[in-house]
Amino acid sequence: MKLASLKGGRDGGLVVVSRDLQRSVSAQAIAPTLLDALERWAECEPRLQQLYARLNAGQVEGASAFDPRQAAAPLPRAPQWCDGSAFLNHGRLMETAFNLAPIPDMETIPLIYQGGSDDFLGPTDDVPLPDEAHGIDFEGEYGVMLREVPLGASPQLARGCIALLVQINDLSLRTFGPREMKTGFGFFQAKPSSSFAPVAVTPDEIGEHWRDARVHLDLHVECNGAWFGNPNGGEMNFGFDDLIAHAAATRRLSAGTIIGSGTVSNAGGHKGSACIAERRAIEAIEHGAPRTPFMRFGDRVRMEARQDGGPVFGAIDQRIVRAPTPPQA
């Protein structure tokens, strides 16, 4: 099943989207918003699946063309956004390139931080940022949207709480990162609003590519129209079940919580990268210094996961722009 939120209101309007992403139909008679559906998933999911089957069979009145430009993030705002760093290859490259001390227990305890979830961007929204000097970077990720997760959930229980899969551009401002990490309080200014592909999908939708609580699909990334990388999500060192269980070790996770994988990263280098910082790290190792610049205003990034040649979540296709100056009091 594929679901999206059309722009309008603070939480968008829920629609069911056809498998080929060509048609959609309102699902607001079942749930007005995706967050409402997640909070009542046991009740809503079977009815949404029935509507999805009818839409794909051409049996729904009122269906219309699906335009991703009219889509907000599947959850325009969420109760919680927690991002992991589950691809250890990425962390090892950064350590080697910039002579960083290894993070203790990183191979046995998942890294995860809590980000801002109040203002997610849609798949084709411009990305407004204040200054090119902040080290503007994209980060291609996969993520999961959850039903309620009880405190102390095991990885096995956590896996059953995954309702939907999503594709994410977790934007970063790299110049803020080193200082914020040294404080011990984690990222804040380094992490502006994240962006999402237009459609969230149930795990069964990608068939054999969903196994071991990992998305085994290439994430195709382009910057300004040029190939940047197509790393595969299957190389996560920690599955989403491990990340969820880690997050729920001392607290409940409410329905609508989103957990991100962190930058998709593959060993060996032949699959490229899903963020500029990783490419710069590889350049520093191979050439003694980074060569690829961070993004400038007017630059574009495009990300898309594909299955059997077709899009799964739809594409993130965005332009970086200068943020308008707010009115001063």
Side-chain angles (χ1 to χ4, degrees), residues 38-39 41 75 78-95 100-118 120 139-170 172 177 180-188 190-191 194 196 200 202-203 210-216 219 231-267 274-275 278:
L38 289 166
E39 290 174 337
W41 194 244
L75 283 178
Q80 185 168 213
W81 157 233
C82 303
D83 197 19
S85 184
F87 294 86
L88 297 187
N89 179 68
H90 176 74
R92 290 174 181 139
L93 284 171
M94 303 300 281
E95 289 174 0
L100 302 174
I103 298 173
D105 303 315
M106 68 178 294
E107 296 191 6
T108 55
I109 300 175
L111 293 173
I112 194 165
Y113 73 93
Q114 187 165 333
S117 61
D118 58 318
F120 291 136
E139 290 192 58
E141 305 190 11
Y142 293 114
V144 293
M145 290 182 175
L146 306 178
R147 307 168 61 179
E148 184 172 316
V149 181
L151 184 154
S154 67
Q156 182 178 2
L157 178 59
R159 191 177 304 190
C161 296
I162 296 171
L164 296 163
L165 311 178
V166 290
Q167 177 191 311
I168 307 165
N169 177 13
D170 179 45
S172 292
E180 292 189 331
M181 286 188 286
K182 287 179 183 178
T183 67
F185 276 73
F187 297 123
F188 196 88
K191 291 294 182 179
S194 297
F196 286 73
T202 48
W210 174 251
R211 58 185 186 274
D212 304 321
R214 294 161 169 83
V215 178
H216 292 258
L219 183 57
N232 191 283
E235 286 193 23
M236 287 175 74
N237 295 80
F238 300 97
F240 282 109
D241 49 356
D242 298 314
L243 296 179
I244 297 164
H246 179 75
T250 58
R251 56 176 166 170
R252 295 179 296 168
L253 307 180
S254 62
T257 292
I258 305 170
I259 305 283
S261 66
T263 305
V264 179
S265 180
N266 291 175
C275 73
E278 181 172 299

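Positions are given from 1 along the sequence.
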Atom SG of C275 and atom CG of D170: how far apart are they, to the nearest 0.5 Å?
10.0 Å
Would you say H216's side chain and R211's backbone share a donor-acceptor pair under 3.5 angstrom?
yes
Flag side-chain contact, heavy atom, 4.5 Å: E148 against C161:
no
Heavy-atom closest pair, residues P110 and H246
O-NE2, 3.5 Å
Which value, rounded to the nearest 0.5 Å, describes the distance between M181 atom CE and Y113 atom OH?
11.0 Å
Residues H90, E95; criterion side-chain contact (heavy atoms from CB on, under 4.5 Å); working and verdict:
CA-CA 9 Å; H90 176 74; E95 289 174 0; over 6 Å; no
Distance from W81 atom CH2 to I168 atom CD1, nearest 0.5 Å?
4.0 Å
Counting only N and O atoms by type, is there a donor-acceptor contact under 3.5 Å from the side chain of S117 to the main-chain atoms of A78?
yes
Between side-chain atoms of residues 234-244 and protein atoms elsewhere (two or more places apart, or another chain), which donor-acceptor pairs fall under 3.5 Å?
| from | atom 1 | to | atom 2 | distance (Å) |
| --- | --- | --- | --- | --- |
| E235 | OE1 | A267 | N | 3.2 |
| N237 | OD1 | L88 | N | 2.9 |
| D241 | OD2 | R159 | NE | 3.3 |
| D241 | OD2 | R159 | NH2 | 2.6 |
| D242 | OD2 | G239 | N | 3.1 |

Side chain proximity check, V166 to Y142, heavy atoms < 4.5 angstrom
no
Working note: W41 + L164, criterion side-chain contact (heavy atoms from CB on, under 4.5 Å); need CA distance, chi angles, decisive distance, verdict.
CA-CA 11 Å; W41 194 244; L164 296 163; 4.1 Å; yes
State, yes or no, whether a side-chain contact exists between V215 and L165 at a heavy-atom distance under 4.5 Å.
yes
Taking all non-hydrogen atoms of both residues into account, name the closest pair between A153 and A245 and its distance.
O-CB, 3.5 Å
Could you go step by step and tell me if D83 and I112 meet the side-chain contact (heavy atoms from CB on, under 4.5 Å) rule?
CA-CA 5 Å; D83 197 19; I112 194 165; 5.8 Å; no
Where is the tightest heavy-atom contact between P203 and A163, given as atom of each residue plus distance?
CD-O, 3.5 Å
Nearest 0.5 Å, please: how far is CZ in F196 from CZ in F120?
4.0 Å
May I ask you to test the R252-V149 pair for a side-chain heavy-atom distance under 4.5 Å?
no
Residue Q114 excluded, over 12 heavy atoms near CD under 6.0 Å:
yes
Test item: P79 and S254 side chains (from C-beta on) under 4.5 Å apart, heavy atoms:
yes
For M145 and A200, the nearest pair of non-hydrogen atoms, with its separation, is SD-CB, 4.5 Å
Report yes if the side chains of N266 and N89 come closer than 4.5 Å at any heavy-atom pair, otherwise no.
no
Ignoring hydrogens and geometry beyond distance, is a side-chain donor-acceptor pair present between T263 and E139 at under 3.5 Å?
yes
Would a 4.5 Å heavy-atom cut-off, applied to side chains only, mark W210 and I162 as touching?
yes
So do the side chains of Q80 and R251 get within less than 4.5 Å of each other, counting heavy atoms only?
yes
Applying side-chain contact (heavy atoms from CB on, under 4.5 Å), run through I258 and L75 and close with a yes or a no.
CA-CA 9 Å; I258 305 170; L75 283 178; 4.2 Å; yes
Polar side-chain atom of E180 near backbone of A190 as donor-acceptor pair, under 3.5 Å
yes
